[in-house]
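Below: the structure, in structure tokens.
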Amino acid sequence: MKMQKHLYLLSSLFVSLIVFSSCSQKAKEPFIDPFNYSIVKKVEAENAAVVSAHPLASEVGKQILIKGGNAIDASIAMQYALAVVFPNAGNIGGGGFMVLHDKYGNSHTIDFREKAPLAAHKDMFLDEDGNAVATISQDGHLSVGVPGTVGGLFLAHRKFGKLPMKELIEPSIKLAREGFAITEMEAKGLERVANDFRKYSTIPSAFIKEEKWQAGDILVQEDLANTLQRICDEGEAGFYEGETADLIVAEMARGGGIITLDDLKNYKPVEREPVQFSYKEYDIVSMGLPSSGGVLLQQMFGMLEVYPIKEFGFQSVEAVQLMVEISRRAFADRTEHMGDPDFVSVPLDKLLDREYILQRIIDFTPGKPTPSSAVKGGLMQLQEKEETTHLSVVDEEGNAVSVTTTINGLYGSRVVVGGAGFILNNEMDDFSAKPGAPNLFGLLGTESNAIEPEKRMLSTMTPTIVLKDKKPFLVLGTPGGSTILTSVFQAIINIIEFDLSVEDAINKPKFHHQWQPDLIYIEEGFSETVKNSLEEMGYEFKRRSPIGQTEIIMISDKGIEAVGDKRGDDSAAGY
Ligand code: DON
């Protein structure tokens with residue numbers, strides 16, 4: 001009997017050794033209770049810190065750092081964790097950008113933006129009359145770009161990681177398989193799109209539930225756990241080939257999508273030159289094309305530099321007017337000139353030329369709006385259905401990592417890969433379906449951002465690192481579509497010019513202008529007095545939902561401060 005028990009134990013150990021030969025789902029280290037956790041908005045740390053859109057993802061990052069992983073390892077582990085605990089934007093079915101400043105003082109960026117499938121074509125979102133149809137570019141199988149996240153994380157790991165990849169994925173496998181309690185915000189989000197999941201997914205997924213989703217409900221994602229397990233066991237091939245690739249292609253076939261096995265196998269992330277520029281005593285490192293983020297940020301700070309913004313004061317009439325006029329001009333350039341640099345030639349030398357940037361703002365007159373029609377034309381409505389996520393990490397060694405990833409809209413295309421458990425992006429909508437047709441964020445585009453097979457769609461994601469004395473000072477970024485730039489621009493200015501605390505820099509009401517429509521969008525709580533003064537000058541305003549979920553880590557003489565945005569479940573951790 002005793003022997004039999006022994007044999008049984010041995011054989012089950014053998015089975016589990018085979019099944020989990022390279023990856024186990026045991027989380028050996030202490031881990032906060034996924035069924036009972038709280039949000040921590042601000043952490044002051046001595047050694048290292050992380051901040052992300054979800055407390056469990058931040059905890060995973062912190063544990064990796066404590067284990068001896070570096071900031072790149074932690075950011076990879078957090079990205080996998082976000083794919084589990086923050087399904088509305090965290091992802092393996094989307095893409096993104098990583099900006100890294102390493103301990104040797106070098107900056108790097110990794111582009112793992114999605115690509116158009118091989119069968120995509122310029123007019124794929126136009127009806128017979130040649131009109132752009134937002135429902136097909138934004139929802140369902142045709143809206144999906146070839147996902148880049150997994151490829152990007154592997155490239156980052158090969159180049160800069162320290163711990164074995166399996167240790168970075170294991171915590172997420174456990175969270176997916178054993179489940180975690182969802183927050184109130186997640187419950188609301190899942191309820192909001194419940195019908196879309198039914199409509200666009202061809203096979204029911206873990207996100208579909210008969211009763212209403214409520215805070216505290218346990219979300220178990222077996223299919224996702226198995227997908228993560230395959231990635232853990234087989235590397236990138238566990239996603240881009242074999243069973244996962246087959247499941248993606250089968251989902252496409254059932255739903256009328258066009259992604260093929262070749263699309264998946266061909267996907268390659270790219271290391272690109274960072275955008276780097278100085279503003280006063282700071283050096284700013286950000287993402288270049290195919291994100292417009294870094295280029296626009298450089299233009300915006302370039303225009304700002306000649307004005308005494310500090311004297312104007314935080315959200316004074318003068319400061320808001322100037323920043324609005326700067327944004328208007330930068331966004332007009334985005335529309336006109338930008339696209340995937342592997343496909344179109346973008347006149348970056350000109351766009352980033354100091355003289356050109358100063359010329360752009362020369363016609364700005366304090367007290368008077370420059371109508372957008374005088375800068376360029378077009379009209380559109382800004383919709384509010386947006387999801388992306390940002391995470392920032394700094395480690396003990398001196399590495400800083402800023403990562404923004406996206407599936408574009410809230411829960412992306414609302415297509416969950418049948419049997420694989422993850423949500424696919426609707427990033428194809430970031431292309432310009434037709435010149436003059438606004439995308440989900442009201443952004444316009446031209447030929448430079450037209451759809452072509454294997455091209456990357458233009459992004460606004462702006463993961464950024466601000467250096468002071470050549471060392472990381474601010475590590476920041478945010479979701480928010482076109483408002484990403486606004487949030488990053490304002491957060492940096494709030495800290496370095498207006499001396500706001502990191503919390504205030506993030507949480508104070510924001511304003512946004514993107515050239516077209518010619519409106520200043522404002523969040524709840526924006527000063528009525530400032531609004532009235534600008535209205536008297538001729539500016540038009542529109543109230544809108546919260547702008548962004550900014551995550552900032554600040555490293556100063558006082559130590560490390562990591563702060564998550566009050567607008568979401570954002571949470572910091574550190575030690
Ligand atoms: O890449 C882009 O610019 C957009 N797909 C980002 C979408 C986004 O930020 C939505 N977030 N809330």
Side-chain angles (χ1 to χ4, degrees), residues 52-53 82 86-91 93-99 111-116 134 137-139 143-149 152 185 189 192-193 286-297 330-331 334-335 338-340 382-391 403-414 423-433 438-445 449 455-464 476-488 510 512 514 521 523 544-551 565 567-570:
S52 80
L82 286 167
F86 189 54
N88 70 58
N91 67 85
F97 301 106
M98 175 184 282
V99 174
D111 162 5
F112 48 100
R113 181 69 162 166
E114 300 94 323
K115 287 177 125 183
S137 65
Q138 290 178 9
D139 296 308
S143 69
V144 184
V146 182
T149 298
M185 270 197 191
R192 199 170 140 191
V193 296
S286 193
M287 192 66 217
L289 292 168
S291 177
S292 57
V295 178
L296 262 64
L297 206 58
F331 271 99
R334 178 193 198 275
T335 311
M338 295 183 201
D340 182 347
L382 188 71
Q383 297 175 35
E384 289 158 11
K385 187 192 104 181
E386 39 189 56
E387 269 319 329
T388 296
T389 189
H390 179 82
L391 63 92
V403 186
T404 313
T405 70
T406 186
I407 43 177
N408 199 28
L410 181 73
Y411 300 96
S413 60
R414 286 98 198 261
I423 299 169
L424 289 166
N425 66 83
N426 58 345
E427 221 73 54
M428 289 296 285
D429 187 66
D430 271 350
F431 279 117
S432 170
N439 75 3
L440 178 59
F441 307 103
L443 291 168
L444 298 178
N449 190 31
K455 186 174 173 184
R456 287 167 154 91
M457 52 298 275
L458 186 61
S459 172
T460 321
M461 289 188 283
T462 316
T464 297
L476 78 162
T478 179
S482 50
T483 67
I484 290 174
L485 266 159
T486 307
S487 295
V488 171
K510 296 206 189 80
H512 170 73
Q514 59 178 50
Y521 291 93
E523 280 185 302
R544 57 152 288 160
S545 55
I547 295 180
Q549 277 176 245
T550 307
E551 325 286 12
D565 201 314
R567 296 167 184 82
D569 294 329
D570 309 55

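As the structure lists them, so they are numbered: ligands from 1, and atoms in each ligand from 1. Values reported hereafter were calculated over all heavy atoms of this structure, with side chains retained and with hydrogens, waters and symmetry mates removed.
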Does Arg334 use its side chain to pair, donor to acceptor, with the backbone of Val295 at less than 3.5 Å?
-> no
Quick note on ligand 1: atoms under 4.0 Å from a heavy atom of Thr388 include exactly 6 (C), 7 (C), 8 (C), 9 (O), 10 (C), 11 (N), 12 (N)
Stepwise side chain to side chain contact (heavy atoms under 4.5 Å, CB included) check, Phe441 with Asp429 | CA-CA 10 Å; Phe441 307 103; Asp429 187 66; 5.7 Å; no
A student checking ligand 1 against Met461 at a 4.0 Å heavy-atom cut-off should list atoms 1 (O), 3 (O)
Could you please spell out the steps behind the side chain to side chain contact (heavy atoms under 4.5 Å, CB included) verdict for Phe97 and Thr404?
-> CA-CA 6 Å; Phe97 301 106; Thr404 313; 5.7 Å; no
Where ligand 1 meets Ile484 - atom numbers and elements under 4.0 angstrom, heavy-atom basis = 9 (O)
Report the C-alpha separation of Arg113 and Asp430 in whole Å, then their side-chain angles, then the decisive distance to 0.1 Å, and conclude whether the salt bridge (charged side-chain N to carboxylate O under 4.0 Å, His left out) test is met.
-> CA-CA 11 Å; Arg113 181 69 162 166; Asp430 271 350; 2.7 Å; yes
Ser413 side chain vs Leu424 backbone, donor-acceptor pair below 3.5 Å | yes
Quick one: pull up CG in Asp565 and OG1 in Thr550 and give me the separation to the nearest 0.5 Å.
-> 5.0 Å
Can you check whether Gly145's main-chain N or O pairs, donor with acceptor, with Asn425's side chain at less than 3.5 Å?
-> yes
Is the shortest distance from a heavy atom of Gln549 to ligand 1 less than 4.0 Å?
-> no
Going by distance only, is there an N or O of Leu458 that falls short of 3.5 Å from an N or O of ligand 1?
-> no
Side chain, backbone, both or neither: which part of Arg456 has a heavy atom under 4.0 Å from ligand 1?
-> neither
Where on Thr406 is there a heavy atom closer than 4.0 Å to ligand 1, on the side chain, on the backbone, on both, or on neither?
-> side chain
Within a distance under 4.0 Å of any heavy atom of Glu427, pick out the atoms of ligand 1 and give their elements.
-> 1 (O), 4 (C), 5 (N)
Polar proximity ligand 1 side, Gly480 side, N/O cut 3.5 Å exclusive | yes
